[in-house]
Amino acid sequence: MMTSLKRFPIKYIRDFIKKDYKIRDECYVCGGKESLELHHLYGLSELFNTWCTTNKITKVDTVEIISQVREDFANDEKDKLSNKNLYTLCKIHHVRLHTVYGQRYANYLAPKIKNWLDIQKEKNGN
């Protein structure tokens, strides 16, 4: 018997890849140590949707299916999901980033956002 998903598929993927996250102890931009959050340069939802399309996966609606595909997805997208594309930001800089680029932005903007992070870091003297 198949078990229906109780959450969005991306939540199962995020839980699966979390084990590889390396949160840093300070904000990449300002060096602050309070209210730290993680920011992926590449949005997981867009990566996963594109990956499903490429791999002709049309239905991810059970725990069994998401459990099967999430490992393949993580392996196929390991570079974009790696810690080099994961930034620890204080809440202030995380909110500012999303204020500038929107809550959800297209993954083709990732290099531009990385550049923005570096400019902000330089402005802060870090």
Side-chain angles (χ1 to χ4, degrees):
M1 180 167 169
M2 297 290 214
T3 308
S4 296
L5 294 179
K6 294 188 182 353
R7 307 179 295 161
F8 291 112
I10 206 67
K11 301 275 188 188
Y12 291 86
I13 291 169
R14 187 171 283 123
D15 288 350
F16 179 74
I17 62 175
K18 241 194 266 192
K19 68 187 180 326
D20 297 323
Y21 290 173
K22 288 188 176 67
I23 191 165
R24 289 141 186 110
D25 59 359
E26 63 184 35
C27 175
Y28 178 80
V29 173
C30 69
K33 297 182 184 296
E34 300 294 320
S35 301
L36 299 176
E37 302 175 350
L38 291 174
H39 177 78
H40 291 268
L41 275 186
Y42 295 93
L44 291 176
S45 294
E46 184 178 340
L47 278 177
F48 184 64
N49 290 338
T50 301
W51 182 86
C52 285
T53 300
T54 301
N55 289 283
K56 298 177 178 33
I57 297 169
T58 58
K59 205 170 184 183
V60 181
D61 61 352
T62 67
V63 171
E64 292 76 13
I65 293 171
I66 194 68
S67 296
Q68 289 171 0
V69 301
R70 67 183 180 184
E71 190 169 345
D72 291 336
F73 166 73
N75 285 331
D76 289 350
E77 297 294 345
K78 67 182 168 209
D79 186 53
K80 289 180 179 149
L81 297 173
S82 76
N83 281 296
K84 74 179 181 179
N85 290 313
L86 182 70
Y87 288 84
T88 301
L89 301 172
C90 67
K91 184 167 186 72
I92 291 168
H93 285 109
H94 199 197
V95 168
R96 189 171 297 157
L97 181 151
H98 285 293
T99 299
V100 172
Y101 290 100
Q103 191 56 37
R104 289 179 154 222
Y105 55 82
N107 282 340
Y108 74 86
L109 291 173
K112 188 173 185 176
I113 291 165
K114 167 65 169 103
N115 187 53
W116 183 87
L117 286 167
D118 290 341
I119 289 168
Q120 301 309 305
K121 182 178 181 175
E122 191 174 304
K123 283 181 182 178
N124 275 280
N126 283 338

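Residue indices begin at 1 and follow the sequence shown.
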Intermediate values then yes/no, side-chain contact (heavy atoms from CB on, under 4.5 Å), Trp51 and Asp76: CA-CA 8 Å; Trp51 182 86; Asp76 289 350; 2.8 Å; yes

Full working for side-chain contact (heavy atoms from CB on, under 4.5 Å) between Asn55 and Val69: CA-CA 10 Å; Asn55 289 283; Val69 301; over 6 Å; no

In sequence, state the C-alpha distance, the side-chain angles, and the governing distance for Ile66 and Thr62, and then conclude on side-chain contact (heavy atoms from CB on, under 4.5 Å). CA-CA 6 Å; Ile66 194 68; Thr62 67; over 6 Å; no

Could you walk me through whether Glu37 and Thr88 satisfy the side-chain contact (heavy atoms from CB on, under 4.5 Å) test, starting with their C-alpha distance in whole Å, then the side-chain angles of each, then the deciding distance to 0.1 Å, before giving a yes or no? CA-CA 6 Å; Glu37 302 175 350; Thr88 301; over 6 Å; no

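In terms of heavy atoms, Cys30 sits closest to Cys90 at SG-SG, 3.8 Å. Here the shortest heavy-atom pairing between Val63 and Tyr12 reads CG2-OH, 4.0 Å. A pairwise comparison of heavy atoms in Tyr21 and Leu38 identifies CD1-CD1, 3.5 Å as the closest pair. The minimum heavy-atom distance linking Phe73 with Ile13 is given by the pair CE2-CG2, 3.6 Å. Nearest heavy-atom pair across Leu41 and Asn107 is O-OD1, 4.2 Å. Summarising the geometry of Leu36 relative to Arg24, their closest heavy-atom pair is CD1-O, 3.8 Å, with the distance given to 0.1 Å.
The shortest side-chain heavy-atom distance between Leu97 and Tyr105 falls under the 4.5 Å cut-off. Side-chain contact check for Tyr42 versus Asn85: some heavy-atom pair is nearer than 4.5 Å. With contacts defined as side-chain heavy-atom distances shorter than 4.5 Å, the pair Asn115/Lys112 does not qualify.
Within a 6.0 Å sphere centred on CD1 of Ile92, heavy atoms belonging to other residues, nucleotides or ligands number 12 at most. For Lys33, the NZ atom sits in a packed shell: over 12 heavy atoms of surrounding residues, nucleotides or ligands are nearer than 6.0 Å. In the displayed structure, Glu71 atom CD is contacted under 6.0 Å by at most 12 heavy atoms of other residues, nucleotides or ligands.
Interatomic distance, Asp15 CG to Lys18 NZ, rounded to the nearest 0.5 Å: 4.5 Å. In this structure, CG on Asn75 lies 10.5 Å from CD on Glu77, to the nearest 0.5 angstrom. The CZ atom of Arg104 sits 9.5 Å away from the CD atom of Glu46 when rounded to the nearest 0.5 Å.
Of the possible donor and acceptor atoms, one in the side chain of Asn83 sits under 3.5 Å from a partner among the backbone N and O of Lys22. At distances below 3.5 Å, at least one donor-acceptor pair connects side-chain atoms of Asn124 with backbone N or O atoms of Gln120. Without hydrogens or angle criteria, Tyr101 side chain to Ala106 main chain gives no donor-acceptor distance under 3.5 Å.
Both Tyr28 and Ile23 sit in one connected hydrophobic cluster of ILVMFWY residues. Membership requires side-chain heavy atoms under 4.5 Å apart, directly or through other members. Tracing side-chain contacts under 4.5 Å through hydrophobic residues (I, L, V, M, F, W, Y), one reaches Ile113 starting from Val100; they form part of the same cluster.
With salt bridges taken as basic N to acidic carboxylate O contacts below 4.0 Å, one links Asp79 and Lys84. Using a 4.0 Å cut-off between charged side-chain N and carboxylate O, Asp118 and Lys114 make a salt bridge.
Ring pair His39/His94 is perpendicular by interplanar angle, where above 60° counts as perpendicular and below 30° as parallel.
Neither side chain, Tyr87 nor His93, offers a donor N or O lying under 3.5 Å from an acceptor on the other.
The cationic group of Lys19 lies under 6.0 Å from the six-membered ring centre of Phe16 and within 45° of the ring axis, placing it in a cation-pi geometry.
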